[in-house]
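Before any comments, here is the structure.
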Amino acid sequence: MSKPLQAIRGMNDLLPEQTPLWRYFEKTVAELLDGYGYRQIRMPIVEFTELFKRSIGEVTDIVEKEMYTFADRNGDSLTLRPEGTASCVRAVLEHGLAGSGQVQKLWYQGPMFRHERPQKGRYRQFHQIGVEAFNLVGPDVDAELIILTWRLWKKLGISEHVKLELNSLGTADIRVLYREALVEYLTARYDQLDEDSQRRIASNPLRVLDSKNPQTQALLGEAPQLEDYLNEASQAHFAGLRARLDAAGVPYVINPRLVRGLDYYSESVFEWVTDQLGAQGTVCAGGRYDGLVEQMGGRATPGVGFAMGVERLILMLETLGQIPAELSRQVDVYFCAFGEACELAALALAERLRDRLPGLRLQVNAGAGSFKSQFKKADKSGALYALILGDDELQAQTIAIKPLRTDAEQQSVAWSDLSEHLQAALQHDPLLIK
Ligand code: ATP
Ligand code: MG
C-alpha cells in the first residue's frame, strides 16, 4: 500500500481556524507600515543561488547548511529564498529604485525556507515580514524602524513581554582588527571551546560570541570587546540611536554579544526577544547593512532593515491570549429559506443586502433542509441573527429576524426595510468587523 500523502516536515498548512488571526496580524502590520510611509514590494520566492551566497555570506549557517537548493531544468542553480533582504536588494538594484541617492522605504511579506530542525517556533517554511530603508544614513531611520516595531507590539498587546537588545558592530575595517584580537583570544582557549565554536574560529569567529553553549559563554568573560574598537563615527551613530530611543521612550538593553547570523550587518544591530517561546525567543531582528548593496554589485548605498518572524509572533498572541474578540465569529447573519420559491426570493434579498451592507458577513443556507436543520446550522455558524423566509413571509413580503444570542423577541420586517433594520441592529455590536 502506498504511503498517505503528507506535507513536508516543517512546512505547515494554515487551517481555517488559524487564518483569521494571521489576517488580523498581517492587516495590523500593513496599516502600521502605511502610516510610516513604507511601500510594499513583492519579490519571487526562488532566486539564483549565487544571490544568497554573495549577500548572506558563504560561511553562515544559512548558506552552509540551511538552503533549499536545486538545479533548474537548464542546469541553473536555484534556491528557495531563506530570507528577504537579498532579494529586496536585488530588486532595488535591478529596477534602479535607489539610484542617485533616492530614498526608498520598502516592506515585503511571505514565506521563507530554511532546512532546520523543526520545533516550536522553528519551521522549514516560515513567514517573515521585512522592512528595508535605503539611502538614509541614520541613526534617525534606525530609530524609526525600532520605534515602529515598538508601536506594533503595543498595538498587538505584547509589549510587556518583549525586550529590545541593541549592539553596534561598527564598520567592516574595525571588525577586521577586532576579529584578529578575538581569534587570538579564542585560539589560546581552543581546547575548552565547543566543537562548533572551534570550527568558527577559522570561518566566522564573531559568531562564537553568540554561541548557545554555556561553557563557551563562560569563557568569553574576558574576551576583547567590540565596543572598545569602535571609531568615533560609529560611536556617534550608536549614541544617536540610543538618544532617539530614549526620547521616544523605548526601553532597551545593550548586549555586547549580539552579532547576528548574517555577514552583511554593520553599525546598529538589534533583536526583540521574548521569554514566552522557550528557545526560539527572537521575534524580530535586524540592523544596518551599509556595505551590502556594493557587495552585490551596486553603488555604495546605505541600508537598514529588519525581519519579524510571523509564526513566533502569532504563537505569542496565542500564548498571551491577545486575540481580538471579533475574530471568534465569522458569520453575522444566517439566512434560512424554506421551499424553492422562498429560496429564490431569499437569494435576491441576500444580494441586495450585500450591495447595501458591504461589510456584512451573510451566510445563505445551502442544501435546503427542514426548519429544524436550518436552525441548527444557523446556530452553529455563530451568527447573531437568523433571517427566516417561509411561505407566510413570502406572501406578505416580510422577513422574520430572530436574535440567536439574546432573549430578544423575533421581529417581522418589510423587505424594503431589511437593510436599514439590520444595519441599526448590528451597528452597536462590538464584534462586527467594519
Ligand atoms: P534564529 O537565531 O532563531 O535561528 P535567525 O537569526 O536565523 O534566527 P533571521 O535570519 O534574523 O533569524 O530572521 C528574522 C526572524 O525570522 C527571526 O528573528 C525569527 O523570528 C524568524 N525566523 C528565522 N528562522 C525561522 C524559522 N526557521 N522558523 C520560524 N521563524 C524563523
Ligand atoms: Mg537561524
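One-based numbering along the sequence shown. Both counts, for ligands and for their atoms, begin at 1 and track the order of listing. Both backbone and side-chain heavy atoms feed into the values below; hydrogens, waters and symmetry mates do not.
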Below 4.0 Å, non-hydrogen atoms only: which portion of D61 touches ligand 1? Side chain, backbone, both or neither.
neither
Heavy atoms only: which of [options] is nearest to [atom]?
| atom | options | value |
| --- | --- | --- |
| atom 31 (C) of ligand 1 | F306, Y265, F126 | F126 |
| atom 29 (C) of ligand 1 | G10, G84, G121, G309 | G121 |
| atom 20 (O) of ligand 1 | T282, T60, V273 | T282 |
| atom 1 (P) of ligand 1 | E66, R122, Q128 | R122 |

Under the 3.5 angstrom rule, does the side chain of D194 hit a backbone N or O of N213 as a donor-acceptor pair?
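No; zero donor-acceptor contacts below 3.5 Å.
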Would you say R114 contacts ligand 1, with heavy atoms under 4.0 Å as the rule?
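Yes, R114 has a heavy atom closer than 4.0 Å to ligand 1.
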Measure the shortest side-chain to side-chain distance between F375 and K402 over non-hydrogen atoms and say whether it is less than 4.5 angstrom.
yes
Quick check: do F25 and I129 have side-chain heavy atoms less than 4.5 Å from each other?
yes
For L106 against Q104, the heavy-atom pair lying closest together
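Looks like CD2-OE1, 3.4 Å.
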Number the atoms of ligand 1 from 1 as they appear, then name those within less than 4.0 Å of a heavy atom of A307, with their elements.
14 (C), 15 (C)
Any atoms of ligand 1 less than 4.0 Å from a non-hydrogen atom of V283? List them with their elements.
20 (O)
Quick check, are the ring centers of H161 and W153 under 6.0 angstrom apart?
no
Please check whether E116 reaches ligand 1 - meaning an N/O of the residue sits under 3.5 Å from an N/O of the ligand, judged on distance alone.
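Between E116 and ligand 1, an N or O pair is found under 3.5 Å apart.
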Can you find an N/O atom of Y123 closer than 3.5 Å to an N/O atom of ligand 1?
yes
Evaluate the side-chain contact (heavy atoms from CB on, under 4.5 Å) criterion for residues V253 and L166: first the C-alpha distance (whole Å), next the side-chain angles of each, then the deciding distance (0.1 Å), finally the verdict.
CA-CA 6 Å; V253 294; L166 280 187; over 6 Å; no
Inspect the surroundings of CZ in R151 and state if more than 12 heavy atoms from other residues, nucleotides or ligands are less than 6.0 Å away.
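At most 12 heavy atoms, drawn from other residues, nucleotides or ligands, come within 6.0 Å of this atom.
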